[in-house]
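What follows is a short report on a single structure.
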Amino acid sequence: MTKYWLMKTEPGCYSIDDLATEDKQITPWDGVRNYQARNFMKDDMELGDMVLFYHSVTSPSVVGLAEVARESYPDHTAWNPDDPHFDPKSPEDNPRWFMVDVKFVEKFSNPLPLKFLRTVKGLEGMELLRKGSRLSVMPVTESEFDIICRIARES
DNA sequence: GCCAACGTTGGC
DNA sequence: GCCAACGTTGGC
């Protein structure tokens with residue numbers, strides 16, 4: 001059963017264009033340092049699951065689609081003292097942080113702004129729209145996913 | 001830049 | 001196990 005997700009990134013840090021121009025259009029989703037977000041990647045994400053790609057901060061919007069290309073494995077950036085996401089409490093023999101690989105699927109011709117999503121019928125319950133929602137990896141229902149894809153193709 | 005909403009840390 | 005202090009996220 002395909003599941004559906006939303007993954008956030010600051011485009012100044014890593015954008016959907018960065019993903020589209022990666023070798024094989026695949027990137028490890030490293031640097032997540034939140035247990036809830038980690039657990040979704042570690043325990044629930046499966047190969048082929050679909051991902052709404054979300055840009056935060058500059059112009060908050062869903063900008064395209066990606067898919068899970070590799071299931072969870074340790075986030076090695078936690079092992080590198082020179083990496084900004086280095087975590088001494090996540091040693092190689094007992095890793096604390098995990099990540100998946102994500103593959104580019106599609107960039108929407110028109111991104112769907114957060115502000116607009118708030119007005120769409122059927123999305124009222126979306127985790128993303130919850131006040132104070134800060135999760136960078138979160139589940140999306142199939143119906144929410146379908147609605148968003150349909151609108152993205154209409155516009 | 002502000003600030004609300006969270007998550008984490010650490011003293012007790 | 002509680003909770004205050006602190007740091008971070010992310011919309012505005």
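To find a chain, count down the sequence lines: A is the first, B the second, and so on, and within it residues start at 1.
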Sorted by number, residues from residues 79-86 of chain A placing a heavy atom under 4.0 Å from DNA chain C are none
Expected output is a numbered-order residue list: members of residues 31-38 of chain A with a heavy atom under 4.0 Å from any atom of DNA chain C. What is it? none
Kindly compute the distance separating CG (N80(A)) from NE2 (H85(A)), expressed to the nearest 0.5 Å.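 Between atom CG of N80(A) and atom NE2 of H85(A) there are 11.0 Å.
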Determine, stepwise, if the pair Y54(A) / K8(A) fulfils side chain to side chain contact (heavy atoms under 4.5 Å, CB included). CA-CA 5 Å; Y54(A) 181 82; K8(A) 280 185 196 172; 3.3 Å; yes
Contact list (N/O, under 3.5 angstrom) for nucleotides 10-12 of chain C vs protein:
{"residue": "dG10(C)", "atom": "OP1", "partner": "K8(A)", "partner atom": "NZ", "Å": "3.1"}
{"residue": "dG10(C)", "atom": "OP1", "partner": "R134(A)", "partner atom": "O", "Å": "3.0"}
{"residue": "dG11(C)", "atom": "OP1", "partner": "Y54(A)", "partner atom": "OH", "Å": "2.7"}
{"residue": "dG11(C)", "atom": "OP2", "partner": "V57(A)", "partner atom": "N", "Å": "2.8"}

Atom of L6(A), atom of M126(A) and distance for their closest heavy-atom approach: CD1-CE, 4.2 Å
Can the positive tip of R118(A) be found less than 6.0 Å from the middle of the six-membered ring of F116(A), inside 45° of the ring normal? no
Tell me the interatomic distance from R130(A), atom CZ, to dT9(C), atom P, rounded to whole angstroms. 17 Å
Euclidean distance, atom NZ of residue K131(A) to atom P of dA5(B) [Å, nearest integer]: 4 Å
Starting from the C-alpha separation in whole Å, work towards a yes-or-no answer on side-chain hydrogen bond (donor to acceptor under 3.5 Å, both in side chains) for Y73(A) and D101(A). CA-CA 9 Å; Y73(A) 60 107; D101(A) 283 358; 2.4 Å; yes
Surrounding NZ of K103(A) (heavy atoms of other residues, nucleotides or ligands, distance under 6.0 Å), is the total greater than 12?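 Enclosed: over 12 neighbouring heavy atoms sit under 6.0 Å from NZ of K103(A).
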Between K3(A) and D44(A), does any NZ, NE, NH1 or NH2 come within less than 4.0 Å of an OD or OE carboxylate oxygen? no
I'd like to know whether F40(A) forms a ring pair (Phe, Tyr, Trp, His ring centres under 6.0 Å) with W5(A), so could you lay out the CA-CA distance, the side-chain angles of the two residues, the decisive distance to 0.1 Å, and finally the verdict. CA-CA 9 Å; F40(A) 287 133; W5(A) 306 94; 5.6 Å; yes
When the ring planes of Y35(A) and W97(A) are compared, do they come out parallel, tilted or perpendicular, using 30° and 60° as the limits? tilted
With respect to R33(A), which candidate in D87(A), D75(A), D83(A) satisfies the salt bridge (Lys or Arg N to Asp or Glu O under 4.0 Å) definition? D75(A)
